[in-house]
Amino acid sequence: MPELPEVETVCRGLAAVLDGHLITRLDLRRPDLRFPLPLDLKQRVEGRRVEQVRRRAKYILIDLDDGTVIIAHLGMSGRMVVGRLGSAEPLKHDHVVFETDHGMEIRFNDPRRFGFIDLAERTTLALHPMLASLGPEPLGNEFNGPVLADRLAGKVTPIKAALLDQRIVAGLGNIYVCEALYFARLSPTRLAATIQGAKAERLVTAIRSVLSRAIAAGGSSLRDYVQTSGELGYFQHQWAVYGKEGQPCPDCNCGQGVERMIQSNRSTFYCAKKQR
DNA sequence: CGGCAAACCTGCGAGC
DNA sequence: TGCTCGCAGGTTTGCC
């Protein structure tokens, strides 16, 4: 489930639990996630204090007090489950458990194991292979119409595929690309290079709006959710087109409604009348 | 170099 | 009830 808004919500929840606290123990229950866990993970993390939890694209970054950074990615099915230490038996796919000095535990649970955990140094973090070629943050100040237009210029690929390319803009996934294109009234099959000028402005506005609203929804549901299940960042969405095949387009009265097509092996949901 | 399908892995719901 | 198939929110790999 995790795209940028979900990861942002998870980071905020993790920050509330971890910031300023010692990680007293790491329980490595399964070493083979998408990549093998670093051999020195336990040794380098246990006993360190967390300075801050932050996000880059869909990556969770945990800064430790010795300059080490934990890089965590949730993949397709990863979750962070927060609870009181020992309050629940480990679940089937709890791969790594963080324990803190104030009696809390965070369980990294990931059935499909597309997620991973790695270590880096803060001073060279930007050079990490997973982060080095990422595009701008879509909610950052450096992302605007001209910047997106420039990055799409010359791209002979559908705009849907271009927006999923983390080198163009970092953090969008299949859901929010569909939603953003819908609100920008742009066809997912349109050639990326043709998104210039006002169309690029429209697309940037749609991307920022969709992501911001999703983060706001996550933030508001987070309080309740943590109190009940301790799970972070998963909440009911109200999407306009994603997963809505066959349902009426919420914004126009075309007969065919929301359609689904396959692009780059992924489902695209769109309204053929509204999006051009 | 650029763009695309396939691969990684598990779970779930639909259909037979 | 139980099996098979298709599908799933990400990213890298390898092939053309």
Side-chain angles (χ1 to χ4, degrees), chain A residues 1-11 29-37 55-61 71-81 91-96 108-118 128-135 138 151-182 188-194 207 210-211 213-215 217-218 221 231-246 259-270:
Chain A
M1 306 194 182
E3 294 186 32
L4 185 153
E6 289 75 25
V7 178
E8 175 65 27
T9 302
V10 168
C11 282
R29 306 175 49 79
R30 172 145 197 168
D32 54 333
L33 304 186
R34 179 166 153 215
F35 308 115
L37 292 174
R55 177 189 63 74
R56 169 75 170 115
K58 300 169 194 168
Y59 296 88
I60 299 165
L61 306 177
I71 304 174
H73 195 289
L74 299 174
M76 292 274 263
S77 56
R79 294 165 179 241
M80 294 287 187
V81 182
L91 299 176
K92 186 175 182 184
H93 300 293
D94 286 346
H95 304 312
V96 175
F108 180 98
N109 182 285
D110 183 12
R112 292 175 75 178
R113 306 209 313 279
F114 287 176
F116 68 90
I117 293 176
D118 199 6
H128 189 279
M130 295 298 171
L131 306 179
S133 56
L134 290 175
R151 302 180 79 83
L152 294 176
K155 288 285 173 192
V156 186
T157 192
I159 184 61
K160 164 80 188 296
L163 291 179
L164 285 174
D165 185 342
Q166 304 296 297
R167 295 170 298 186
I168 303 286
V169 53
L172 295 179
N174 202 38
I175 292 176
Y176 294 106
V177 166
C178 291
E179 294 291 301
L181 287 171
Y182 172 79
T189 60
R190 172 185 275 276
L191 202 63
T194 68
I207 289 169
V210 161
L211 294 179
R213 280 184 281 131
I215 290 172
S221 66
E231 223 164 57
L232 295 178
Y234 300 90
F235 43 88
Q236 293 300 314
H237 294 272
Q238 285 300 322
W239 295 310
V241 288
Y242 186 84
K244 304 283 187 180
E245 182 181 15
E259 297 177 57
R260 183 171 82 103
M261 67 186 299
I262 302 296
Q263 291 179 287
S264 312
N265 271 350
R266 317 285 305 271
S267 287
T268 300
F269 297 88
Y270 65 106

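Values below: all heavy atoms of this structure, side chains included; hydrogens, waters and symmetry mates excluded.
The separation between A:Met130 atom CE and C:dG10 atom C1' is 11 Å, rounded to whole Å. When rounded to the nearest whole Å, the span between CZ of A:Arg56 and P of C:dG10 equals 16 Å. Atom CG in A:Asp118 sits roughly 15 Å away from atom P in C:dT11 (whole-Å rounding). The CZ atom of A:Arg151 sits 16 Å away from the C1' atom of B:dG2 (whole-angstrom rounding). One interatomic measurement links the two molecules: CE of A:Met261 to P of C:dC7, which rounds to 15 Å at whole-angstrom precision. Nucleotide C:dG10 holds its P atom 11 Å from the CG atom of A:Leu74, rounded to whole Å. Between A:Leu172 atom CG and C:dT11 atom P there is a gap of 10 Å when expressed in whole angstrom units. For the pair A:Ile117 CD1 and C:dT11 P, the computed distance is 16 Å after rounding to whole Å.
Contacts of A:Arg260 with the nucleic acid, taken as non-hydrogen atoms under 4.0 Å apart, involve only primed sugar atoms and P, OP1 or OP2. Residue A:Pro158 is in sugar-phosphate contact alone, with no base atom involved, counting any heavy-atom pair closer than 4.0 Å across all strands shown.
In this structure, CG on A:Leu37 lies 9.0 Å from CZ on A:Phe108, to the nearest 0.5 angstrom. Taken to the nearest 0.5 Å, the CZ atom of A:Arg79 stands 10.5 Å off from the CG atom of A:Leu91.
Here the side chain of A:Lys155 is nearest to one of C:dT11, B:dG3, C:dC7, namely B:dG3.
Contact annotation: the side chain of A:Leu4 approaches that of A:Arg55 to within less than 4.5 Å [non-hydrogen atoms, C-beta and beyond].
In this view, A:Arg29 and A:Asp27 satisfy the salt bridge (charged side-chain N to carboxylate O under 4.0 Å, His left out) rule, not counting sequence neighbours. Contacts of A:Arg56 classified as side-chain contact (heavy atoms from CB on, under 4.5 Å), with partners at least two apart in sequence or in another chain: A:Leu61, A:Leu131, A:Leu134, A:Glu137, A:Ala170. Every residue two or more places apart in sequence or in another chain that forms a salt bridge (charged side-chain N to carboxylate O under 4.0 Å, His left out) with A:Arg30 is listed here: A:Asp32. Legend: residues meeting ring-ring contact (aromatic ring centres under 6.0 Å, His included) with A:His73, ordered by chain and number and at least two apart, are A:Tyr59, A:Phe116. Partners of A:Tyr242 according to the ring-ring contact (aromatic ring centres under 6.0 Å, His included) rule, which considers only residues two or more places apart in sequence or in another chain, are A:Trp239, A:Phe269. Residues meeting the side chain to side chain donor-acceptor pair (under 3.5 Å) test with A:Ser264, sequence neighbours left out: none. Not counting sequence neighbours, A:Lys58 has no partner by the side chain to side chain donor-acceptor pair (under 3.5 Å) test. Judged as a side-chain contact (heavy atoms from CB on, under 4.5 Å), and not counting sequence neighbours, the contacts of A:Gln263 are A:Pro158, A:Lys160, A:Pro188, A:Thr189, A:Met261, A:Thr268.
The gap from the P atom of B:dG11 to that of C:dT12 amounts to 24 Å, rounded to the nearest Å. B:dG3 and C:dG9 have their P atoms separated by 22 Å, given to the nearest Å.
A:Gln166 has no side-chain polar atom (N or O) that falls below the 4.0 Å cut-off from OP1 or OP2 of C:dG10. Between A:Tyr176 and C:dG9 there is no side-chain N or O to OP1 or OP2 distance below 4.0 Å. Within the structure, a side-chain polar atom (N or O) of A:Arg266 is placed less than 4.0 Å from OP1 or OP2 of C:dG9. The shortest distance between the side-chain N/O atoms of A:Ser77 and the OP1/OP2 oxygens of C:dG9 is not below 4.0 Å.
Stretches of at least 3 consecutive Watson-Crick or G-U wobble pairs, with each checked distance under 3.5 Å, appear in DNA chain B as B:2-8 with C:10-16, B:10-16 with C:2-8.
For residues 166-181 of chain A, the pairs satisfying salt bridge (charged side-chain N to carboxylate O under 4.0 Å, His left out) are A:Asp165-A:Arg167, with sequence neighbours left out.
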With the criterion being N/O to N/O and under 3.5 Å, what pairs connect the protein with nucleotides 13-16 of chain C, and how long is each?
none

Sugar-phosphate or base contact per nucleotide [nucleotides 6-14 of chain B; S, B, -; heavy atom under 4.0 Å]: B-BBBS---
